[in-house]
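Since the structure comes first, as structure tokens, the remarks are kept for the end.
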Amino acid sequence: MSDDKSACAKGFTDDAIHVDVKDYYGKVLKSSSDLKTNACVAPSKPIPPFIRQALKKVHPEVTARYYGCGLVVPECLEGCRILDLGSGSGRDCYMLSDLVGEKGQVIGIDMTEDQLEVARAYVDYHTKEFGYKTPNISFVQGYIEALTEAGIEKNSFDIVISNCVVNLSPDKRRVLAEAYSVLKDGGELYFSDVYSSGRLTDEIKNHKVLWGECLGGALWWKDLLQLAEEVGFSPPRLVSGSVITVDNKELQDVLGDYKFVSATYRLFKVPKGNPKSCQVIYNGNITGVEEIFEFDCQYKFKAGEVVEVDGELATILTSSRFKDDFTFKPPESPCEPCVAKIKAAVVDPFELAAQLEKQRPATGGSCSTNTSCCSTKSSSCCK
């Protein structure tokens, strides 16, 4: 594809930002070591063993072109149909292809032909690696702001994921709206992205390198809450957060006092109304989290333990793919404690990132605590 305006998703065309992003990820970056900040290899939560095993099966050439900022692997995946927004070289897609099983399906969509060439080259390799008779994965060239125009059917996916890509779009609201439209009722948007401590200046937004490094297009985290509500999603549930550092002095001078964090949120397409709290018991049947299921940064479910949840989470659990993994019953007492939980459900990702940073053991600068680093680079400190 040339750098001229194109319409690979029918009526949707590139604007200047799309052209710059395709050039940056298709021509400027050749591997994750070419990145100038850690925004796209920010520390994440420790990777569970079953996911590490899936990542080991991904071809090294695919992994070398990975630029994600978190771990976008929600729970309860067997047999699910998943769409990856901005799938790039396909690392997350292939990992999920293994986790959903042969009866599941994974589709990746990306606008950058150079990235898609890498992803498509290894479909047969991974089909054999996973022991499947036929591929359960495919890749589509198109725009995350125009999913239906790229041939993605509405109301057809259980889960939509995205890894450090929404910030690269000039129209975040449209991205969220398109994701909402292709999800089934009860479906989930589970995504990791970069957020800023305030609304960015035009100077930062117009800086090509900062945009390509996932900082120039970062949303103020409070704007995500508003956009999610506008398009119909449930209030975002914060899963994890990590501080982003910028060691490049030239870029830091442009950024000034703005701070950045990578954060993972989960948003659901569930019924609206007056949510009622309830007590839930996790049955312990979800692969990889049989003993403890950490739903978000507030709720951790131990198998067999009774937990009182706020009304919004009760609606999510009873209306989504998790409904068969919990036993539900009414609360035993008036719901004042639950009201407090509902009010506390909006969590500042910068505060969470700071808390998690304090909990991490000091490593003297080793990348051993950087799970994204250790899953994408073969340096000695990751072994």
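Worth saying up front: this structure is predicted, and the values here are computed from it rather than measured.
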Inset, instruction - Determine, for Asp124 against Lys128, whether the closest basic-nitrogen to carboxylate-oxygen distance falls under 4.0 angstrom. - result: no
Inset, instruction - Decide yes or no on ring pair (Phe, Tyr, Trp, His ring centres under 6.0 Å) for Phe233 and Phe268, but give the supporting numbers first. - result: CA-CA 6 Å; Phe233 279 114; Phe268 287 84; 8.9 Å; no
Legend entry - Heavy-atom closest pair, residues Val140 and Ala150: CG1-O, 3.7 Å
Inset, instruction - Would you check if the side chain of Ser169 reaches a backbone N or O of Asp171 as a donor-acceptor pair within less than 3.5 Å? - result: yes
Inset, instruction - Give, for atom CZ of Phe326 and atom CG of Asn285, the distance between the pair rounded to the nearest 0.5 Å. - result: 10.5 Å
Legend entry - Side chain Trp211, main chain Leu168, donor-acceptor under 3.5 Å: yes
Inset, instruction - May I ask you to decide whether Lys259 forms a salt bridge with Glu351, counting only side-chain N to carboxylate O separations under 4.0 Å? - result: no
Inset, instruction - Mind running salt bridge (Lys or Arg N to Asp or Glu O under 4.0 Å) on Lys276 and Asp310 for me, showing each step along the way? - result: CA-CA 7 Å; Lys276 296 182 179 180; Asp310 61 65; over 6 Å; no
Inset, instruction - Determine whether the side chains of Glu230 and Gln226 contain a donor N or O and an acceptor N or O closer than 3.5 Å. - result: yes
Inset, instruction - Using atom types as modelled and distance alone, determine if a side-chain donor or acceptor of Ser89 lies under 3.5 Å from a backbone N or O of Ala119. - result: no
Legend entry - Where Leu313 and Phe301 come nearest, the two heavy atoms and their spacing: CD2-CZ, 4.0 Å
Legend entry - From Val239, Ile161, Val160, Val166, residue fulfilling side-chain contact (heavy atoms from CB on, under 4.5 Å) relative to Phe191: Val166
Legend entry - Under 3.5 Å: donor-acceptor pair, side chain of Glu290, backbone of Gly288: yes
Inset, instruction - Could you tell me whether a side-chain N or O of Asp158 sits under 3.5 Å from a main-chain N or O of Arg81, the two making a donor and an acceptor? - result: yes
Inset, instruction - Measure from the side-chain N and O atoms of Glu102 to the backbone N and O of Lys133, and report whether any donor-acceptor pair falls under 3.5 Å. - result: yes
Inset, instruction - Sort out for me which residue in Gln53, Lys57, His126, Lys56 forms a side-chain hydrogen bond (donor to acceptor under 3.5 Å, both in side chains) with Asp98. - result: Lys57
Inset, instruction - May I ask you to check if Arg91 and Tyr66 form a cation-pi contact, with NZ or CZ under 6.0 angstrom from the six-membered ring centre and within 45° of the axis? - result: yes
Inset, instruction - Indicate the atoms forming the closest heavy-atom contact of Val73 with Tyr190, along with that distance. - result: N-CE2, 3.7 Å
Inset, instruction - Answer yes when Glu188 and Arg321 have at least one side-chain N-carboxylate O distance shorter than 4.0 Å, and no when they do not. - result: yes
Legend entry - Sole candidate of Trp221, Phe260, Tyr265 that passes ring pair (Phe, Tyr, Trp, His ring centres under 6.0 Å) when paired with Tyr195: Tyr265
Legend entry - Any side-chain donor near an acceptor of the partner, Asp193 and Asn167, under 3.5 Å: yes
Legend entry - Side-chain donor/acceptor of Arg266 to backbone N/O of Phe295, under 3.5 Å: yes
Legend entry - Pair Ser87, Asp110: side-chain N/O donor-acceptor within cut-off below 3.5 Å: no
Inset, instruction - Count the heavy atoms of every other residue, nucleotide or ligand shown that sit under 6.0 Å from NZ of Lys249, and state whether that count exceeds 12. - result: no
Inset, instruction - Verify the distance criterion only: is there a donor paired with an acceptor across the side chains of Ser234 and Glu312 at less than 3.5 Å? - result: no
Inset, instruction - State whether the side chain of Lys329 and the backbone N or O of Ile281 hold a donor-acceptor pair below 3.5 Å, judged by distance alone. - result: no
Legend entry - Ser138 side chain vs Ile107 backbone, donor-acceptor pair below 3.5 Å: no
Legend entry - Nearest non-hydrogen partners of Ser181 and Thr148, listed with the distance: OG-CG2, 4.3 Å
Legend entry - Side chain to side chain, Val309 and Cys278, heavy atoms closer than 4.5 Å: yes
Inset, instruction - Please report the shortest heavy-atom distance between Lys272 and Val270, naming the atom on each side. - result: NZ-O, 3.4 Å
Legend entry - Main-chain N/O of Ile316 paired to Ser319 side chain as donor or acceptor, under 3.5 Å: no
Inset, instruction - Give the intermediate values and the outcome of salt bridge (Lys or Arg N to Asp or Glu O under 4.0 Å) for residues Glu178 and Lys154. - result: CA-CA 9 Å; Glu178 285 289 291; Lys154 293 184 178 181; over 6 Å; no
Inset, instruction - Evaluate whether atom CD of Glu229 has more than 12 neighbouring non-hydrogen atoms of other residues, nucleotides or ligands under 6.0 angstrom away. - result: no
Legend entry - Partner of Leu215 by side-chain contact (heavy atoms from CB on, under 4.5 Å), out of Val254, Ile204, Ile244, Leu251: Ile244
Legend entry - Flag side-chain contact, heavy atom, 4.5 Å: Val72 against Asn163: yes
Legend entry - Closest non-hydrogen atom pair between Ile144 and Gly86, with its separation: CG2-N, 3.6 Å
Legend entry - Ionic contact status for Glu153 with Lys184, cut-off 4.0 Å: no
Inset, instruction - Begin from the C-alpha positions of Phe322 and Phe293 and carry the test ring pair (Phe, Tyr, Trp, His ring centres under 6.0 Å) through to its verdict. - result: CA-CA 11 Å; Phe322 298 113; Phe293 173 18; 5.5 Å; yes
